[in-house]
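Everything numeric here is computed off the predicted structure, so don't read it as measured data.
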Amino acid sequence: MEMAFWNILLWGTRCFTGALVLVTLLPLFKSGSWMVRVWDFPRLQLAGLCLVAVLALLCCSLRFGWRPDLWGLMIVLGLAAAWQLSHIAPYTLLWPKHLADTDDSDFTLLVANVDVRNTTPEAAAKALADIEADAILLIEIDSDWARTLALVRSHFAYHIEEIKPDGLGMALWSNIPLENSDIRYIVSDERPSVHADLVLSPTKRARFIGLHQVPPGLPTDDGNGRYDSRIRDAELITVAEHVGENTDLKWIIAGDFNDVAWSHTTRLFTRLSGLEDPRIGRGMLNTYHADRPLLRYPLDHLFVSPSFEIANLQRVRIPGSDHFAMLVSLKFGHGPGADPDTKLGDYEEAEDLIEEGEEDAADSSELSPDAEHDRKLERHGGR
C-alpha cells in the first residue's frame with residue numbers, strides 16, 4: 001500500500017509537470033485563441049504550482065533516491081517558475097519605479113468597474129460618493145446604475161456617457177473641464193470607448209481614453225463558443241498606434257482591459273504608445289476577482305505619459321463589485337507626452353493584430369462603423 005502511494009505520487013507529479021510546462025509555453029505562441037491567451041493571466045499561481053511540484057519530487061527523491069530523472073524534472077520546474085516570475089517581477093516593490101513620486105498632485109482619478117450584476121448598488125453608490133476624486137470613469141453602467149448614481153453624478157459638472165445594458169456602458173464624470181469629448185466604437189460596435197480632453201489650464205491638459213474590452217474565454221452572445229482575444233487586442237493596439245502618432249499630447253488611457261499588465265499584447269501596447277504603467281515598482285494591485293484572493297489579476301489599468309508623477313496609487317473596494325477600483329493622484333510634469341520604444345517587427349505585428357481583430361468583429365457582426373469605414377478605405381488604397 002505504501003509503495004502504491006509513492007508510485008501514484010511520482011507518476012501524478014510527472015503528469016502535473018508536463019501540464020505545467022505546456023501552459024507555460026502556450027503564451028509564447030502568437031495566437032488569439034482564448035485557450036492560449038488565458039494562460040497569460042495566472043503566472044504567479046502557476047509559479048506557485050511549480051514549486052509545489054518541486055516539493056512533491058523532493059519527497060519522491062527521499063523515497064526512491066536522488067535519481068537523474070527526478071533532478072531533471074525539478075530543474076525544468078525551476079526554469080518554468082523563474083520564467084513565470086520574470087513576467088511579474090516589474091510589478092513588485094523590488095523593481096525601480098518608472099514614474100516619479102511626488103508629494104502633491106494636480107488631480108485625482110477613480111477608475112471603477114461597478115459590476116452590472118451588483119446586488120448592493122446603494123452601498124456602492126455611497127462608497128463612490130465618499131471617494132474624493134476630481135474625475136471618475138465608471139464601467140458597466142446601465143440604466144439602473146444611472147438612476148442609482150444620479151446623486152453622485154450631480155456632484156460633477158461635466159459628463160460624457162454611453163448607457164448600455166449587458167455590462168457595456170461607460171461614463172466619465174468630471175469636475176475638470178472636458179473638451180473634445182465623444183463616444184467612439186473603435187473595433188466592436190458593441191463596446192464604446194470614452195474620449196475627452198481633461199483641461200486644468202492651457203498648460204495642463206491631457207487626452208483621456210476610457211476602454212472596456214471583451215475578455216478572452218467569455219461565452220459569445222449566441223452561446224455557441226467563446227470569445228478569442230483578437231477584438232480586445234485590436235482595440236488596444238489601435239489606441240496604442242494613435243497615441244504613438246501624437247507624442248506632443250499628454251495621455252491617460254484607463255479602464256478594464258480584461259488583460260494582465262505582463263501579457264505580450266499589453267507590453268506591445270506600451271512600446272507602441274510610449275506610455276508608462278504606474279504599477280511598475282509599486283506592486284501588482286490586482287483588481288479582479290475582488291472576492292477570490294487566490295485568483296486575482298491586474299485587469300483594470302491606467303497608462304500615462306512618462307512625464308506624469310504619482311502622488312498616490314491604491315485599490316478601493318466597491319461594495320458588491322467583482323472588481324476593485326483604482327484611485328490615482330497625478331501631477332503634470334515636464335517632458336514628452338509619449339515616447340514610443342518599439343522593437344523590430346512591432347508595427348507589422350500591430351497591423352496583423354488589428355486586421356485579425358476587425359475580421360473577428362466582422363464575422364461576429366461586431367465591427368464598428370468607424371472600423372468598417374477604415375477597412376473600405378484601406379481596400380481602395382488609403383486609410
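- Judged by the 6.0 Å distance and 45° axis criteria, Arg296 is not positioned over the aromatic ring of Tyr288.
- Atom CH2 of Trp145 is surrounded by more than 12 heavy atoms from other residues, nucleotides or ligands within 6.0 Å.
- Annotation for Asn180 and Arg207: closest pair O-NH1, 3.0 Å, computed over non-hydrogen atoms.
- Between His242 and Trp251, the two ring planes are perpendicular [angle over 60°; tilted spans 30° to 60°].
- With respect to Arg147 and Asp144, a salt bridge is recorded, a charged nitrogen being found less than 4.0 Å from a carboxylate O.
- Between Phe156 and Asn175, the closest heavy-atom pair is CA-OD1, 3.2 Å.
- Ring geometry, Phe332 versus Phe107: the interplanar angle falls from 30° to 60°, so the pair is classed tilted.
- Closest non-hydrogen pair, Trp262 versus His87, comes out as CB-O, 3.3 Å.
- In Asp341, the CG atom is not crowded: 12 or fewer heavy atoms of neighbouring residues, nucleotides or ligands sit closer than 6.0 Å.
- Sorted by first and then second residue, the salt bridge (charged side-chain N to carboxylate O under 4.0 Å, His left out) pairs with a member in residues 40-58 read Arg37-Asp40, Asp40-Arg43; sequence neighbours excluded.
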_Intermediate values then yes/no, salt bridge (Lys or Arg N to Asp or Glu O under 4.0 Å), Lys30 and Glu349_ = CA-CA 10 Å; Lys30 294 181 179 179; Glu349 182 180 357; 3.8 Å; yes
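- Ring geometry, Phe257 versus Phe303: the interplanar angle falls under 30°, so the pair is classed parallel (tilted spans 30 to 60°).
- Using a 4.5 Å heavy-atom threshold, the side chains of Asn286 and Arg315 count as touching.
- Note that CG of Leu344 is 7.0 Å distant from CD of Glu348, once rounded to the nearest 0.5 Å.
- Checked by atom type, the side-chain pair Gln213/Asn258 shows no donor-acceptor distance below 3.5 Å.
- Annotation for Asp103: atom CG does not count as buried by contact number, only 12 or fewer foreign heavy atoms lying within 6.0 Å.
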